[in-house]
Peer 1: 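Below you will find the structure I want to go over with you.
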Amino acid sequence: MSASIREAVAEDAEMIQAIEVSADALLIDALGAPEWPPAGDPIERLGQPGFVLVLEGSDASPLGFVHVLDVDGHAHLEQLSVLPESGRRGHGRRLVDAALAEARERGYSRVTLRTYAEIPWNAPFYASCGFLESIPESGFQLSLVETEASLGIDRYGRRIQMTVEL
């Protein structure tokens, strides 16, 4: 199946949220998490500094998206979501590769993210994309650790930061 990647537009908001909810359901099931925070507000996501890329199938149907935040001049991969029924076809890797290329083009020297260490499509996947485990250093990165604790998502497994140099 041929797929293309484009920058998200405001009309994508509802679709982005639906993809995130579907992808989260897969993670929630894998973690056995009875409580999970709701998907982010898609309008807010599209309005934040940084960029959102959408992957579409050959029929223009949305398959996934990646959201990279710009925080204090640093790139942070905030969300990667692929529809579960479209998983295991390389779509996540295509989105990560596109996000890294876009970040490089925008002048970033590295991209960070936070993820679960033991979930196969989390840290092991990102490691296969060149990310390495790293230590939170900036105020923003440290605030993410605090946010994860306040949301309670850290109780479902070890959370780590990962970084890739561009």
Peer 1: With sequence neighbours left out, what residues match Tyr126 under ring pair (Phe, Tyr, Trp, His ring centres under 6.0 Å)?
Peer 2: Phe131
Peer 1: Between Asp70 and Asp72, which heavy-atom pair has the shortest distance, and what is it?
Peer 2: OD1-N, 3.9 Å
Peer 1: Please lay out, stage by stage, how Glu165 and Arg104 fare under the test salt bridge (charged side-chain N to carboxylate O under 4.0 Å, His left out).
Peer 2: CA-CA 10 Å; Glu165 300 292 331; Arg104 191 177 299 107; over 6 Å; no
Peer 1: Looking just at side-chain N and O atoms, do Ser134 and Gln161 make a donor-acceptor pair shorter than 3.5 Å?
Peer 2: yes
Peer 1: Table please: side-chain donor-acceptor pairs of residues 141-149 below 3.5 Å, with sequence neighbours left out.
Peer 2:
| from | atom 1 | to | atom 2 | distance (Å) |
| --- | --- | --- | --- | --- |
| Gln141 | OE1 | Glu137 | N | 2.7 |
| Gln141 | OE1 | Ser138 | N | 3.1 |
| Ser143 | OG | Phe140 | O | 2.6 |
| Thr147 | OG1 | Ser143 | O | 2.9 |
| Glu148 | OE1 | Arg114 | NE | 3.3 |
| Glu148 | OE1 | Arg114 | NH2 | 2.8 |
| Glu148 | OE1 | Arg159 | NE | 3.4 |
| Glu148 | OE2 | Arg114 | NE | 3.1 |
| Glu148 | OE2 | Arg159 | NE | 3.3 |
| Glu148 | OE2 | Arg159 | NH2 | 2.9 |

Peer 1: For residues 36-44, please give each side-chain donor-acceptor pair under 3.5 Å, one per line with the distance, not counting sequence neighbours.
Peer 2:
| from | atom 1 | to | atom 2 | distance (Å) |
| --- | --- | --- | --- | --- |
| Asp41 | OD1 | Ile43 | N | 2.9 |
| Asp41 | OD1 | Glu44 | N | 2.8 |

Peer 1: Hydrophobic cluster membership, with links at side-chain heavy-atom distances under 4.5 Å among I/L/V/M/F/W/Y: are Val68 and Ile5 in one?
Peer 2: yes
Peer 1: What distance do Leu113 atom CG and Met162 atom CE have between them, rounded to the nearest 0.5 Å?
Peer 2: 6.5 Å
Peer 1: I'd like to know if Ile153 and Ile119 are part of one continuous hydrophobic network [Ile/Leu/Val/Met/Phe/Trp/Tyr, side-chain heavy atoms within less than 4.5 Å].
Peer 2: yes
Peer 1: Hey, any chance Val96 and Val54 share a hydrophobic cluster, counting ILVMFWY side chains that come within less than 4.5 Å of each other, even indirectly?
Peer 2: no
Peer 1: Considering non-hydrogen atoms only, spot the tightest contact between Leu80 and Phe125 and give its length.
Peer 2: CD2-CE2, 3.8 Å
Peer 1: Checking side chain to side chain contact (heavy atoms under 4.5 Å, CB included) for the pair Gln79/Phe65: CA distance, chi angles, key distance, verdict?
Peer 2: CA-CA 8 Å; Gln79 185 70 33; Phe65 74 93; 3.7 Å; yes
Peer 1: If you look at every heavy atom in Tyr156 and Gly32, which pair is closest and at what distance?
Peer 2: CE2-O, 4.4 Å
Peer 1: State, to 0.1 Å, how close Leu95 and Ser81 come at their nearest heavy-atom pair, and which atoms those are.
Peer 2: CD1-O, 4.3 Å
Peer 1: Of all heavy-atom pairs between Asp59 and Ser61, which one has the smallest distance, and what is that distance?
Peer 2: OD1-OG, 2.6 Å
Peer 1: Is any side-chain heavy atom of Val164 closer than 4.5 Å to one of Leu132?
Peer 2: no
Peer 1: Can you name the closest pair of heavy atoms from Leu166 and Ala103 and give their distance?
Peer 2: CD1-CB, 3.8 Å
Peer 1: Taking atom types as modelled, find out whether Ser128 and Arg93 have a side-chain donor-acceptor pair closer than 3.5 angstrom.
Peer 2: yes
Peer 1: State, with a plain yes or no, whether a side-chain heavy atom of His76 is found less than 4.5 Å away from one of Val111.
Peer 2: no
Peer 1: Does His67 reach the side chain of Leu69, with side-chain heavy atoms less than 4.5 Å apart?
Peer 2: yes
Peer 1: What about Leu77 and Phe51, same hydrophobic cluster or not, with Ile/Leu/Val/Met/Phe/Trp/Tyr joined at side-chain heavy-atom distances under 4.5 Å?
Peer 2: yes
Peer 1: If you count every heavy atom of other residues, nucleotides or ligands that lies below 6.0 Å from Glu14 atom CD, does the total exceed 12?
Peer 2: no
Peer 1: Only counting residues at least two apart or in another chain, list the ones meeting side-chain hydrogen bond (donor to acceptor under 3.5 Å, both in side chains) with Arg158.
Peer 2: Glu133
Peer 1: Can you measure from OG (Ser4) to CG (Leu63) and round to the nearest 0.5 angstrom?
Peer 2: 9.0 Å
Peer 1: How long is the span from the CZ atom in Arg110 to the CG atom in Leu100, to the nearest 0.5 Å?
Peer 2: 13.5 Å
Peer 1: Can Val52 and Val66 be said to form a side chain to side chain contact (heavy atoms under 4.5 Å, CB included), step by step?
Peer 2: CA-CA 6 Å; Val52 178; Val66 62; over 6 Å; no
Peer 1: With a cut-off of 3.5 Å and sequence neighbours excluded, list every side-chain donor-acceptor pair involving residues 15-29.
Peer 2:
| from | atom 1 | to | atom 2 | distance (Å) |
| --- | --- | --- | --- | --- |
| Glu20 | OE1 | Arg45 | NH2 | 2.7 |
| Glu20 | OE2 | Arg45 | NH2 | 3.3 |
| Ser22 | OG | Ala18 | O | 3.4 |

Peer 1: Listed by chain and number, what are the side-chain hydrogen bond (donor to acceptor under 3.5 Å, both in side chains) partners of Glu105, not counting sequence neighbours?
Peer 2: none
Peer 1: Please report the interatomic distance OG1(Thr112) to NE2(His74), rounded to the nearest 0.5 Å.
Peer 2: 9.0 Å
